[in-house]
Amino acid sequence: MKSSRRKFIAQLGALGASTGLASFAEASSITRKNPKENPTSFTLNILQTTDVHCQVHAHDELFWENGKSVFRKTGGYAHLKTFLDQHREKMNHSFLIDTGDMFQGSELSVKTTGEAMVPILNALDYDLYLPGNWEVIYYKKSMQHLMGSLNAPKVCANMYHDLGEGKRGELIFPPYHIWTVNGVKIGFLGYTDHLVPIRQSPNYSKGIIYTKPEDNLAHYVDVLRIQEKCAFVAIVAHLGLSQQIHLANLPACEGVDYILGGDTHERVRKPIQAKYAKVVEPGAFGSFVGNLELKFENGKVVSDRYELLEVDAKKYPESKEMNQIIAKYEGPYLEDIQKVAGYSTIPLYRYFVIENTIDTMILNAINWQVPDVDIVLSNGFRFCPPRSTPDQTGNIPITNGFIFDMLPVDSTIRTGKVTGKQIKEWLERELNNVFAADASKRFGGWVIKFKGMKVKFNAFGEEGQRVQSALVHGKNLDMEKVYKICACERDGDPDDMLCRFRGVKDTENTPFTLHQAIKSYLAKNSPVTPTPPNSAVALDAPATLLTQVSGVDYEFR
């Protein structure tokens, strides 16, 4: 009965769209051209960026081709500006969206508390924004200020004001936005990651209540289809590819055509067809732009075509206008951003699910700075583009700016004590966060990183039984023994927590921060060769695993 009802409202939506009925939420993007087209038969394009993480300059990007890592220069907002201008000029109707993580990820952003990104983003002429999981990095009020300073509308249907004592206030942003072309309405419904209070430092999102998308998704789909008469409905999302596929398989998603996703930096080149909607995600760092082309006839979508377009720095020269904006705001910090702290003899990257050279270097630096611990931990972050280009020395420079790219939050290094039993249980939880068979249970980044411990596991094994062996300094993990660990302190975590590790005893902050440890380590040990040491080995997956998504037609490359 519900299915037939949804088919009926979809028909109503197409009929109503062709009549050009208006609503308070309706808005139109700029039409670049005004061709003499038949208003009942036309093509439009929805362009998407996501997870750029404040990477304002072209950077080395990793591609997986013929079983090998290949690096090319991509991205950078000046190149992206040229790319977008050229492509939008060719399109009759285009709508540009960004689905989050636009204010975190670089020294420029940290030094200006995100302010430098506002004029850069506004110069790109976006039509719609969605806040990502990292938009709260400077806390709620700054998020509201920064998002509000962007010219284009914002949407998010699952972020509410926290009134205290568990009381939920109004939505912080409007839940949806409508773009009208030739009287036909395209609805955009926004959802960001509801796990932000767990994934990020708790204080970042203080004052915000998040809800699961499925809590109100069916309601807003009905609003867009029945009330607003939308002929096409897209969810703009920052949930991660696994969660987005899961959402597209839920009955609440019936009536949604596409999920335009973000968060996990996956490069979907062919839309993933789930039960109720197609799912895409356009990579990260401004290296790609997703292009969804829709053809309409008589108020209905008759075809859709999606492609992932590479922002090749050689093909698209820098925009002079954008370069001037970037130089104006970056100038006061440029000397420190470009200062070389040390060198690597091998490319630095963070793309593989299990181990990467960037994380290996971070672990080595922390252990060098704080040697009197058994195990060093580091989060399974995804952000930070690769660095593979040598300078005149023949080695790859590691600048202060790149240290911020790797670790935008210069957290204090914290130590504590845990038992072997706690380590085993914690490892199982962290592995399940990455490889859970139920996609709705996957969250966060890649496999947690560690030094001082050797773990063999089954990535696709049973929950709670993935770890097959664990050695600490060459000896089997002793369930009763107490081990000293260290990791970063997160803003707002309780005293007994370390890197999402609860129940830690005798916690104590060291005098060192992450950045201090890396700079000191490089000053003494440069050039470094941070070859991944196989501390974590999956028995049922390759070390070169590039995605945690399985069971669908998708390959990262």
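All of these numbers come straight from a predicted model, not from anything done at the bench.
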Cation over ring, [X] on [Y], under 6.0 Å and within 45°?
X: Arg557; Y: Phe63; answer: no
X: Arg350; Y: Trp446; answer: no
X: Arg267; Y: Tyr351; answer: yes

Is there a side chain to side chain donor-acceptor pair (under 3.5 Å) between Asn203 and Ser201? Walk through the geometry before answering. CA-CA 6 Å; Asn203 279 350; Ser201 298; over 6 Å; no
Examine distances only and state if a side-chain atom of Lys206 and a backbone atom of Tyr139 form a donor-acceptor pair shorter than 3.5 Å.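 No; judged by distance alone, with no hydrogens or angles, the pair does not exist.
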Yes or no on salt bridge (charged side-chain N to carboxylate O under 4.0 Å, His left out) for Asp493 and Arg490, after CA distance, side-chain angles and deciding distance? CA-CA 6 Å; Asp493 272 347; Arg490 300 196 318 166; 2.8 Å; yes
Is the ring centre of [X] less than 6.0 Å from the ring centre of [Y]?
X: Phe285; Y: Phe288; value: no
X: His87; Y: Phe83; value: yes
X: Phe103; Y: Tyr138; value: no
X: His238; Y: His194; value: no
X: Trp426; Y: Phe450; value: no

For residues [X] and [Y], is any side-chain donor paired with an opposing acceptor at under 3.5 Å?
X: Gln48; Y: Asp98; result: no
X: Tyr126; Y: Thr49; result: yes
X: Asp410; Y: Thr513; result: yes
X: His59; Y: Ser287; result: yes
X: Tyr554; Y: Glu266; result: yes

Salt bridge [X]-[Y], side-chain N to carboxylate O under 4.0 Å:
X: Arg199; Y: Asp193; result: yes
X: Asp359; Y: Lys451; result: no
X: Asp496; Y: Arg502; result: no
X: Glu330; Y: Lys111; result: no
X: Glu335; Y: Lys339; result: no

Walk me through it: do Val376 and Ile485 pass the test side-chain contact (heavy atoms from CB on, under 4.5 Å)? CA-CA 6 Å; Val376 180; Ile485 64 173; over 6 Å; no
For His265 and His53, what are the C-alpha separation, side-chain angles and deciding distance, and is it a ring-ring contact (aromatic ring centres under 6.0 Å, His included)? CA-CA 11 Å; His265 303 187; His53 287 287; 5.2 Å; yes
Would you check, one step at a time, whether the test side chain to side chain donor-acceptor pair (under 3.5 Å) holds for Glu281 with Gln244? CA-CA 9 Å; Glu281 192 170 310; Gln244 285 146 191; 3.1 Å; yes
Exceeds 12 heavy-atom contacts within 6.0 angstrom, atom NZ of Lys454: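 More than 12 heavy atoms, drawn from other residues, nucleotides or ligands, come within 6.0 Å of this atom.
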When you look at NZ of Lys424, are more than 12 heavy atoms from neighbouring residues, nucleotides or ligands closer to it than 6.0 Å? yes
Taking all atoms of both residues into account, what is the closest heavy-atom pair of [X] and [Y], and its distance?
X: Cys486; Y: Thr415; result: CB-CG2, 3.7 Å
X: Phe383; Y: Pro408; result: CE1-CD, 3.1 Å
X: Pro530; Y: Leu348; result: CG-CD2, 3.7 Å
X: Met453; Y: Ser535; result: O-CB, 3.5 Å
X: Pro385; Y: Ile358; result: O-CD1, 4.5 Å
X: Ser388; Y: Asp60; result: N-OD2, 2.7 Å

Please determine whether side-chain contact (heavy atoms from CB on, under 4.5 Å) holds for the pair Thr507 and Val504, giving the CA-CA distance in whole Å, both sets of side-chain angles, and the decisive distance to 0.1 Å. CA-CA 7 Å; Thr507 54; Val504 182; 3.6 Å; yes
CD on Gln422 to CG on Leu427, rounded to 0.5 Å: 12.0 Å
Set out, in order, the CA-CA distance, both residues' side-chain angles and the distance that settles side-chain contact (heavy atoms from CB on, under 4.5 Å) for Thr419 and Tyr483, then state yes or no. CA-CA 6 Å; Thr419 64; Tyr483 297 91; over 6 Å; no
List the steps, then state whether side-chain contact (heavy atoms from CB on, under 4.5 Å) holds for Asp101 with Asn133. CA-CA 7 Å; Asp101 285 3; Asn133 62 295; 3.1 Å; yes
Decide yes or no on ring-ring contact (aromatic ring centres under 6.0 Å, His included) for Phe512 and Trp368, but give the supporting numbers first. CA-CA 12 Å; Phe512 312 109; Trp368 179 86; 8.9 Å; no
Show the numbers, then the answer: is there a side chain to side chain donor-acceptor pair (under 3.5 Å) between Asn432 and Arg466? CA-CA 8 Å; Asn432 197 61; Arg466 286 188 173 87; 2.9 Å; yes
Name the orientation class of the two ring planes belonging to Phe71 and Tyr349 (parallel below 30°, tilted from 30 to 60°, perpendicular beyond 60°).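 Tilted, since the angle between the ring planes falls between 30° and 60°.
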Go through Thr345 and Thr529 one step at a time and tell me if the side chain to side chain donor-acceptor pair (under 3.5 Å) criterion holds. CA-CA 5 Å; Thr345 63; Thr529 306; 2.5 Å; yes
